[in-house]
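A quick write-up on the structure given underneath.
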Protein chains: 2
Amino acid sequence: MLTIGKLSKTAGVKVPTIRYYEEIGLLPEAERSAGNQRLYGSATMDRLTFIRHARELGFTLEAIRDLLSLSDTPDQSCAAADQLAKAQLVAVRDRLARLRALEVELERMIAQCAHGTIADCRVIEVLGNHDLCGHAHNASDHPSL
Amino acid sequence: MLTIGKLSKTAGVKVPTIRYYEEIGLLPEAERSAGNQRLYGSATMDRLTFIRHARELGFTLEAIRDLLSLSDTPDQSCAAADQLAKAQLVAVRDRLARLRALEVELERMIAQCAHGTIADCRVIEVLGNHDLCGHAHNASDHPSL
DNA sequence: TTTAATGTCTCTAGCAACTAGAGGTTCAAG
DNA sequence: CTTGAACCTCTAGTTGCTAGAGACATTAAA
């Protein structure tokens with residue numbers, strides 16, 4: 001059995017985050033030692049690793065909750081999990097496209113900087129002037145991922 | 001003079017967001033009508049447009065605050081603004097690299113889905129098994145941008 | 001001119017996904 | 001046996017907004 005600290009180190013998830021995951025029900029309530037400290041077995045370790053990887057892949061905790069409930073009932077169709085992954089891929093590609101546009105814009109801003117005073121500096125100008133902006137704005141520019 | 005609603009529509013920033021920007025000092029306190037409603041001139045319009053574009057480019061409100069204070073004193077060197085933009089570009093490229101890795105991973109997850117039951121589904125497995133993961137994890141996987 | 005609809009006001013509370021800190025208890029090493 | 005690290009619970013803070021309540025202002029139509 002691992003203490004929360006060992007689990008934290010092994011899984012690469014911070015201690016307060018583990019407690020937070022328990023609090024919101026992503027992890028089951030941990031067993032306790034005689035002195036009321038949390039103890040974990042390998043099942044929780046796996047679950048936490050799963051969560052970490054999913055987070056790193058950009059899944060929200062809600063999506064992870066869904067995935068976990070899917071994997072808790074493994075006899076269903078794979079389609080639902082597949083669906084989640086596909087939706088995630090769409091979101092990721094969308095985000096990629098916008099980030100690439102952003103990269104281009106920043107490069108342009110930096111290239112245009114006259115290296116004089118700010119009065120001449122295009123970094124400020126580009127941000128203030130829509131005409132110079134060079135990429136389309138839209139309402140979904142900052143989704144939660 | 002524009003009401004907050006017109007300003008909102010023209011600048012493409014929601015009404016509560018404008019009030020929020022005023023509250024945190026990104027926008028100056030607005031003039032008021034006889035009936036205590038906010039009124040805006042073109043200076044605030046420009047400032048708000050600047051803020052919106054900077055947000056769309058991924059600048060944090062803190063970075064925007066810096067940029068605004070730079071542009072409020074335009075006789076300084078451009079170097080500071082340039083510096084901000086460059087730091088931003090580094091962050092954006094970092095984020096791009098991680099998103100691309102994520103894209104590959106999701107594609108792989110979807111491709112491996114056996115289209116059977118979840119028991120066989122790699123979507124779950126890939127997330128649970130680090131060995132299959134195929135990309136490096138690191139501590140800065142989810143920065144604030 | 002009245003009335004209805006819309007817009008605006010302030011204020012509080014909430015969202016994700018944690019992070020930080022206070023103040024106290026338990027555990028493991030020397 | 002003591003010390004110091006790790007643990008406990010609890011509250012509150014973070015960023016960048018968004019949503020709602022309940023009241024006042026403004027505008028357009030009837």
Below 4.0 angstrom from OP1 or OP2 of dC27(C), is there any side-chain N or O of T3(A)? no
In terms of side-chain heavy atoms of I4(B), which of dG16(D), dC9(C), dT18(D) is nearest? dC9(C)
R32(B) versus N36(B), closest heavy-atom pair with distance: NH1-O, 2.8 Å
Integer-rounded Å distance: dC7(D) C1' and E22(A) CD: 13 Å
Between atom CG in L61(A) and atom P in dC15(C), what is the gap in whole Å? 14 Å
Rounded to the Å, how far apart are E62(B) CD and dG16(D) P? 8 Å
Most 5' of T17(A) and S33(A) on DNA chain C, judged by nearest nucleotide: T17(A)
Rounded to whole Å, please give me the gap between OH in Y40(B) and P in dG7(C). 16 Å
With respect to the side chain of N36(B), which nucleotide from dC8(D), dA17(C), dC9(C) is positioned closest? dC9(C)
Whichever of Q37(A) and E23(A) has the more 5' nearest nucleotide on DNA chain D, that residue is Q37(A)
In whole angstrom, give the distance that lies between atom CD1 of I18(A) and atom C1' of dA17(C). 15 Å
Ignoring backbone atoms, test whether R19(B) places a side-chain nitrogen or oxygen under 4.0 Å from the OP1 or OP2 oxygen of dC11(C). no
Establish, with yes or no, whether the OP1 or OP2 oxygen of dT15(D) is under 4.0 angstrom from a side-chain nitrogen or oxygen of Y20(B). no
Within a strict 4.5 Å, meaning less than it, do heavy atoms of the R19(A) and E22(A) side chains meet? no
For A63(A) and L84(A), work out which heavy atoms get closest and say how close. O-CD1, 3.9 Å
For Y21(A) against V13(A), the heavy-atom pair lying closest together: CE1-CG1, 4.3 Å
Would you say I18(A) and T44(A) make side-chain contact, with heavy atoms under 4.5 Å? no
Return the value, rounded to whole Å, for the distance between atom CG of L27(A) and atom P of dA17(C). 15 Å
Separation of L2(B) atom CG from dT8(C) atom C1', in whole Å? 15 Å
Y21(B) OH to dT15(D) C1', in whole Å, measures 11 Å
Hey, does I24(B) reach any base, or is it just sugar-phosphate, or nothing, if we go heavy atoms under 4.0 Å? nothing
Strictly below 4.0 Å: does R32(A) bring a side-chain N or O up to OP1 or OP2 of dT9(D)? yes
Position toward the 5' end of DNA chain C (nearest nucleotide), K14(A) or R38(B): R38(B)
